[in-house]
Every structure is written in structure tokens, then in C-alpha cells.
Amino acid sequence: MREFIFKANKTITSPNINLKDLAGSCGRLDLLCRCVSDAFFLSHDIRRDVIFYAVLCGEPNPPVCIKFVGSELKKVSPDERNIAIFIKKALKKFLENDNKDDWIESTPGIYVKRLDFKNLVLEKLNEGKELIYLHKNGENIENIKDIKNPVFILGDHIGLLEEDEEFLENLKVKKVSVSPLELHANHCITIIHNYLDKLTQSK
Ligand SMILES: C[S@@+](CC[C@H](N)C(=O)[O-])C[C@H]1O[C@@H](n2cnc3c(N)ncnc32)[C@H](O)[C@@H]1O
């Protein structure tokens with residue numbers, strides 16, 4: 001299983017989503033949609049061994065965590081607008097649901113609940129997962145040949161906040177780089193998939 005946690009610092013937390021303005025009034029929802037697309041979609045297929053968490057921290061109701069489970073997704077397609085429609089449905093379900101503290105399924109394979117970044121990270125550590133913070137200044141990914149049950153943590157256009165980075169440092173989360181250049185988060189996801197696909201095939 002490959003898991004990703006994407007922290008969307010400014011992304012809207014109400015279903016009041018303008019599908020024509022994902023980047024502006026929706027707080028860079030376009031970035032999140034591209035990350036979901038690159039996390040799951042192959043040409044004419046889907047990666048069923050992926051779970052993707054988005055922690056939305058924008059107004060008016062943060063934090064909201066949306067979980068996408070590759071083996072269960074149905075009718076989602078790779079384009080940003082389509083993914084944004086599913087996120088809108090998840091946020092509507094979240095708003096309407098009285099119990100916000102348990103996962104509730106909004107559409108097949110897409111779940112939503114109240115969960116902040118730090119508690120999600122702690123949950124994954126408690127599950128025994130290997131947490132990896134993707135950062136330009138981390139250790140070169142190519143030095144790492146054995147990765148079991150990884151959970152990759154990514155920031156958005158702002159990156160992780162200083163307090164998030166300190167939190168990860170205190171937990172001794174490994175910092176790993178996929179390029180000497182600063183990339184978009186979705187490009188990092190593609191590189192990670194490619195690296196792990198090649199590692200798996202060479203075994
Ligand atoms: C557009 S970058 C963030 C830029 C932001 N200004 C910063 O300083 O963190 C989005 C995210 O992609 C990941 N990222 C970008 N370049 C990377 C690289 N070369 N190696 C690993 N991760 C990278 C990081 O997780 C980063 O938070």
C-alpha cells in the first residue's frame with residue numbers, strides 16, 4: 001500500500017465551491033485535484049494500492065480530512081473538474097452530518113471526517129507505517145531501496161508550516177527529496193510512483 005497525506009493550508013472547507021475558480025476562491029483546490037489525479041490514475045486504469053488523505057485547512061470550517069481509497073473509487077476521472085465535484089459532495093456530506101468525528105462515506109471510496117494534520121500523522125505512526133516527509137532538502141530518494149508501508153507527506157504551494165515541520169522533526173520523521181528543484185506536489189507524487197514501480201519490478 002502507498003499512502004499520501006497532502007496538507008492543503010488554504011483550501012475551502014465548505015461545499016460552496018465555484019468549479020470555475022478552483023485556484024482562486026477555493027484556496028488552490030486545483031492543486032489538491034491534481035494531486036488526487038496523479039496519485040490514482042494510470043492510462044485507462046487506476047492504482048488500487050493507494051490511499052490519499054487531504055487535510056483541508058481553509059475557511060470556514062477547518063480542519064476537514066478527506067480520504068480517497070483507490071480500491072473502492074468509482075466514477076472518478078482524472079480531470080480536475082470531475083475530482084472537484086467529488087470533493088464538493090464530500091464537503092456537503094460533512095456539513096450535513098451531525099457526527100463529524102467518524103469517517104462517513106460520501107461517494108464510493110471517498111470518506112470525510114474532522115481530523116487535523118497532526119492527529120492524522122500520529123494515527124499513521126500508531127499503525128506502524130513508515131512516514132516520509134517529502135522536501136527538496138531531504139535525503140535523495142535513490143538512496144532508499146527498502147520502503148515498507150510508506151506514508152508520504154506533502155505540502156501545498158505554501159509548504160508545511162514551521163510548526164508542522166517541528167512536529168515532524170520531533171517525531172523523527174525522515175525527510176526525503178525527489179529532485180534538486182522545488183517541484184509541484186503532484187509532480188512529486190508521479191516521481192514517487194515511478195520510483196516505487198521500478199523498485200518493485202526489479203525485485
Ligand atoms: C510547491 S512545493 C512547496 C513550496 C513552498 N514554497 C515551500 O517552501 O515549501 C509543494 C510540496 O512539494 C514537495 N516538494 C517540492 N519539491 C520537492 C522535492 N524536490 N523533493 C521532495 N519534495 C518536494 C514538498 O512536500 C512541498 O511542500
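Keep in mind the model is a prediction, meaning the values are calculated, not measured. In what follows, every heavy atom counts, from backbone to side chain, and hydrogens, waters and symmetry copies are set aside. Ligands are counted one by one from 1 in listed order, and the atoms in each one are counted from 1 as well.
Within the 4.0 Å heavy-atom shell around ligand 1 one finds V176. At least one heavy atom of D156 sits closer than 4.0 Å to an atom of ligand 1.
Contacts between C188 and ligand 1 below 4.0 angstrom, taking non-hydrogen atoms only, involve the side chain exclusively.
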> Can you list the steps and then say if S37 with N186 is a side chain to side chain contact (heavy atoms under 4.5 Å, CB included)?
Replying inline: CA-CA 8 Å; S37 184; N186 61 306; over 6 Å; no

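Annotation: E127, atom CD; neighbour count of heavy atoms from other residues, nucleotides and ligands within 6.0 Å is above 12. No more than 12 heavy atoms of other residues, nucleotides or ligands lie within 6.0 Å of NZ in K10, so this atom counts as exposed by the packing criterion.
Ligand 1 has no nitrogen or oxygen under 3.5 angstrom from a nitrogen or oxygen of P180. In terms of N/O distances under 3.5 Å, ligand 1 is not approached by H184. In terms of N/O distances under 3.5 Å, ligand 1 is approached by L134. Looking at ligand 1, you won't find any N or O of Y133 less than 3.5 Å from one of its N or O atoms.
Protein heavy atom nearest atom 9 (O) of ligand 1, with residue, atom name and distance: G159 CA, 3.5 Å. Counting protein heavy atoms only, atom 18 (C) of ligand 1 is closest to K136 CA, 3.5 Å. Among protein heavy atoms, atom 21 (C) of ligand 1 sits closest to H135 N, 3.3 Å. The nearest protein atom to atom 6 (N) of ligand 1, hydrogens excluded, is given as H157 O, 3.4 Å; this is a heavy-atom distance. Of the protein's non-hydrogen atoms, G155 N, 3.9 Å is the one closest to atom 26 (C) of ligand 1.
Taking the centre of each ring, H193 and F4 come in below the 6.0 Å mark.
The closest non-hydrogen atom to atom 19 (N) of ligand 1, taken over L181, L183, V178, comes from L181. Comparing L161, L154, I158 by heavy-atom distance to atom 5 (C) of ligand 1, the nearest is I158.
By the 30° and 60° cut-offs, the orientation of the rings of F68 relative to F52 is perpendicular.
Contact of the D102 side chain with the I104 side chain is not registered, since no non-hydrogen atoms from C-beta on lie closer than 4.5 Å. Side-chain contact between I153 and F117 is present, with heavy atoms from C-beta onward closer than 4.5 Å.
Judged by distance alone, the side chains of E123 and Y53 never bring a donor and an acceptor atom under 3.5 Å apart. A side-chain donor from one of Y133 and E165 sits under 3.5 Å from a side-chain acceptor of the other. For the residue pair N119 and D116, a side-chain donor N or O sits within less than 3.5 Å of a side-chain acceptor on the partner.
Near E182, the atoms of ligand 1 lying under 4.0 angstrom from a non-hydrogen atom of the residue are 2 (S), 3 (C), 4 (C), 15 (C), 16 (N).
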